[in-house]
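The block underneath contains the structure these notes are about, expressed in structure tokens.
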Amino acid sequence: MPERRDLTPPSSRRPTQNERILELLGDRGWHTTREILQHVPCIVHSRIAELNSRGYTIEHDGAGGGAENHRYLLTATPAPSGEEEQTPG
């Protein structure tokens with residue numbers, strides 16, 4: 001059976017959870033787990049781990065339980081091939 005491809009133009013499809021998280025973190029400020037959950041209902045630590053594995057650098061700060069005790073900061077994005085990593089500044 002042939003593989004199904006999403007032929008929906010990017011401008012008319014719904015953003016993925018990862019895209020929505022990156023949009024929120026794109027301001028380069030700290031965001032708590034609770035704040036991320038308000039924008040993107042998901043398993044936050046799993047999405048962050050996936051983004052890190054794709055070349056994004058997202059710092060984590062926090063200890064203990066609770067959505068207010070953990071926060072995340074986007075510090076670098078993957079560079080297009082042949083270029084250096086993109087950092088704020």
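All residue numbers in this chain count up from 1 along the given sequence.
- One N or O on the side chain of Thr75 and one on the backbone of Thr57 form a donor-acceptor pair closer than 3.5 Å.
- The line from CZ of Arg34 to CG of Asn69 is 9.5 Å long, rounded to the nearest 0.5 Å.
- Taking 4.5 Å as the limit, some side-chain heavy atom of His45 sits within range of a side-chain heavy atom of Tyr72.
- Contact of the Glu35 side chain with the Leu24 side chain is registered, since non-hydrogen atoms from C-beta on lie closer than 4.5 Å.
- The two residues Arg28 and Thr77 make their nearest non-hydrogen contact at NH2-CG2, 3.8 Å.
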For residues 58-66, which side-chain N or O atoms pair as donor and acceptor with protein atoms under 3.5 Å away, sequence neighbours left out?
| residue | atom | partner | partner atom | Å |
| --- | --- | --- | --- | --- |
| His60 | NE2 | His70 | ND1 | 2.7 |
| Asp61 | OD2 | Arg71 | NE | 2.9 |
| Asp61 | OD2 | Arg71 | NH2 | 3.2 |

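- Open room surrounds CD1 on Ile43; 12 or fewer heavy atoms of other groups in view lie less than 6.0 Å from it.
- Side-chain contact between Arg47 and Ile36 is absent, with no heavy atoms from C-beta onward closer than 4.5 Å.
- Counting heavy atoms from C-beta outward, Arg13 and Glu19 have side chains that approach closer than 4.5 Å.
- Rounded to the nearest 0.5 Å, atoms CD (Gln17) and CG (Leu51) are 10.5 Å apart.
- Residues Val40 and Leu73 do not share a hydrophobic cluster, defined by chaining ILVMFWY side chains whose heavy atoms lie under 4.5 Å apart.
- Listed for the Arg20 side chain is a donor-acceptor partner under 3.5 Å among the backbone atoms of His39.
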